[in-house]
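One structure below.
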Amino acid sequence: MATNHSLVALFRELAQLATLDEGSANSFRVRAYENAVEAIASHPGDLGQLSERELTKIDGIGSSTARKIREFFQNGSIGKLEELRRKFPPEFVALGRIPGIGPKTLLRLRDELGVTNVDTLAAALAGRKLRSLPGLGVKTEEKILQSIGRLRAAGFEPGAEQPRVPIAKAMPIVRELTAALAAVPAVEDVQYCGALRRLDETTGTVDIVAATLEPLAAHAAFASQQAVAKVLDRDAVTTSVETATGLRVDLHTVDPERFGVACLLRTGSPEHVAKLRSCAAERGFTLDESGLLDADGEVIASVSEDAIYEALGLAPIAPPLREDRGEIEHAEKGALPPPILLPQVRGDLHVHTTLSGDGRSTLEEILDAAAARGYEYLAITDHAEDLAINGATREQLTAQRRQIDGLRGRHPGLTLLHGSELNIDRDGDVDYDEAFRHTLDWCVASVHSHFDLDRSQQTRRILRAMDDPTVHVIGHLSGRRIGTRMGIELDVDQVLQKAVATGTAIEINAALPRLDASSEVLYRARGMDVTFVISTDTHHTREFARMEWGVLHATRGWVDPDRVANLWPRARFLDWLHSRRA
DNA sequence: GCCGTTTTCGGCCCGACTGTTTTCAGTCG
């Protein structure tokens, strides 16, 4: 249910802050909050309709969580969360993103050295204060200094309160708001714009454009949404709000005649729009809020974005491409890579079941969900044994193999591949022995550890994994978590060349916190014979829906659809798979 | 904080690695 997204975000934050409060991510309270997130996210109905008593009947929600949920629907906030936010200000919480600093160390730094933000941390490091604390030493100081340096080099400012919000955090709330607006009878059309629509990794203020002849109704409906914590500003055409999660969202209403141009201008990027304007000028036109105008000031196009591009002599340009990376020049020549569309996807090749410690759906549920999406093929890839909590032993995988064989008749149109998500260790070796791996149909190999190695070491381990004949694809190439964890640094050109040489595919991980490989890496690969697969890394049946983001992300990276293996018909895909294994 | 119960507290999942130790705490996935 759409309106549960705010709750999910709030309980996630609660879990994060409780980790600090409890001094451990493994505390039972923290895990209870995480279970609550899972329970809320999985609940199909509107939780706002349920009483406290009914809420506690849901698995994973007890009396305390039920009370907090009711509190949210009544007050728009949760007292416990407000209290923790006061106790742990954002600039302090942000220090927890520095690799090597866990909750215990962070609290000690605050209590014993007065560290509250990146500046006081830097001062403590400069004064060599950390080594004076029992249990910490010179190595710890060096490691933290190095982490800060690396984060800064990558554009992260560890102590800064992030002005930009990671896409995974913003998207669900914005989707909820646009869905609510779409349901307002007076609203003819609605679209979220800006960085979010371009599928950029982070967003600032989100702009939503609504086409309506009755703006008052739209603004009233918007301001009264459950996700809205407070209205910041309001005039005849714009309402600015802050959500319960701290995201700023502006609703702009326009006459339906100008919906297209409003979306175009608010989607950006600013560089793309600037180039469009000069493109218009070359043709004797102008582009402003009222539309594309000819020399006489007559509107030539304004209702739809496509009409504006067409009037400029351009093929339509998909929002993720609008970054002024040559898309306008390509559109002039009709040479733009076609956008990848969701219905073109024929299979998913990175999927977990409950055999993975963090998997939430059973094998049967996964198969049914994949069949319901109309997939022709599916790879089951539970975690391999070296992933401490989550991994499957070879005996478990062998048993799963038999289970899968027994289920092949369940959905005759769905070809099942049995595989695993292997762990690339620090040297580039993967789990199990090669003979056993050869019994698997499909192996994803991913980095889950040793994020602190340097670029040449990281590159070496990836290249070595690609040389392994049993590895079909490298999963989430950098291992990043947008806004939370930097990925590993790689010599991307070497990795791409190796992908071509070995035929190892590169995964385009569709999970919004990952979007990995990054669109920069994908863009770099254009023109090369790199094979890609777009995968959801599903741990719960609902996550199959992430494929929507995967295809947009691939489009953003200028990926040629013909290079994406899971868009191929089954026969072609299986031919490729078998030729690789030969 | 949740759950289950011979109803009201005790159990809830872990293993490798690192840096600091001299037997272990903290971090990570």
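Letters A, B, ... are given to chains in the order of the sequence lines, protein chains preceding strands, and every chain is numbered from 1.
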>> If you assign each of A:Arg31 and A:Phe451 to its closest nucleotide in DNA chain B, which residue comes earlier from the 5' end?
In response: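 Nearest-nucleotide comparison on DNA chain B picks A:Arg31.
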
> If each of A:Ile101 and A:Ile58 is mapped to the nucleotide of DNA chain B with the nearest heavy atom, which maps nearer the 5' terminus, i.e. the 5' end?
Replying inline: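 Its nearest nucleotide lies further toward 5', so the answer is A:Ile58.
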
> Counting only heavy atoms not in A:Asp59, do more than 12 sit closer than 6.0 Å to its CG atom?
Replying inline: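 No, not enclosed.
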
> Near A:Arg12 CZ, under 6.0 Å, is it more than 12 heavy atoms from other residues, nucleotides or ligands?
Replying inline: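 Result for CZ/A:Arg12: open.
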
Over all strands shown, is [X] touching base, sugar-phosphate only, or nothing at heavy-atom distances under 4.0 angstrom?
X        : value
A:Val30  : nothing
A:Ser63  : sugar-phosphate
A:Ser27  : nothing
A:Arg108 : nothing
A:Pro103 : sugar-phosphate
A:Asp59  : sugar-phosphate

> Under 4.0 Å: is that the gap between some side-chain N or O of A:Arg485 and OP1 or OP2 of B:dG29?
Replying inline: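 Yes, within the criterion.
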
> According to a strict under-4.0 Å criterion, is A:Lys68 in side-chain N/O contact with OP1 or OP2 of B:dG1?
Replying inline: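 It does, given that an N or O in the side chain of A:Lys68 lies less than 4.0 Å from OP1 or OP2 of B:dG1.
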
>> Under the criterion of centre distance below 5.5 Å and interplanar angle below 30°, is A:Phe28 classified as stacked on the base of B:dC2?
In response: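 Stack criterion not met.
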
Protein-nucleotide distance ([X], atom [atom1]; [N], atom [atom2]), rounded to Å:
X        : N      : atom1 : atom2 : answer
A:Asp425 : B:dG15 : CG    : P     : 19 Å
A:Glu52  : B:dC2  : CD    : C1'   : 15 Å
A:Leu14  : B:dG1  : CG    : P     : 8 Å
A:Glu22  : B:dG1  : CD    : P     : 8 Å

> Within the side chain of A:Thr459, is there an N or O that forms a donor-acceptor pair under 3.5 Å with the backbone of A:Arg455?
Replying inline: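 Pair found, side chain donor or acceptor close to backbone of A:Arg455.
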
>> Quick check for you: to the nearest 0.5 Å, what is the distance between A:Gln403 atom CD and A:Leu397 atom CG?
In response: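 Answer for the CD-CG pair, A:Gln403 versus A:Leu397, is 11.5 Å.
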
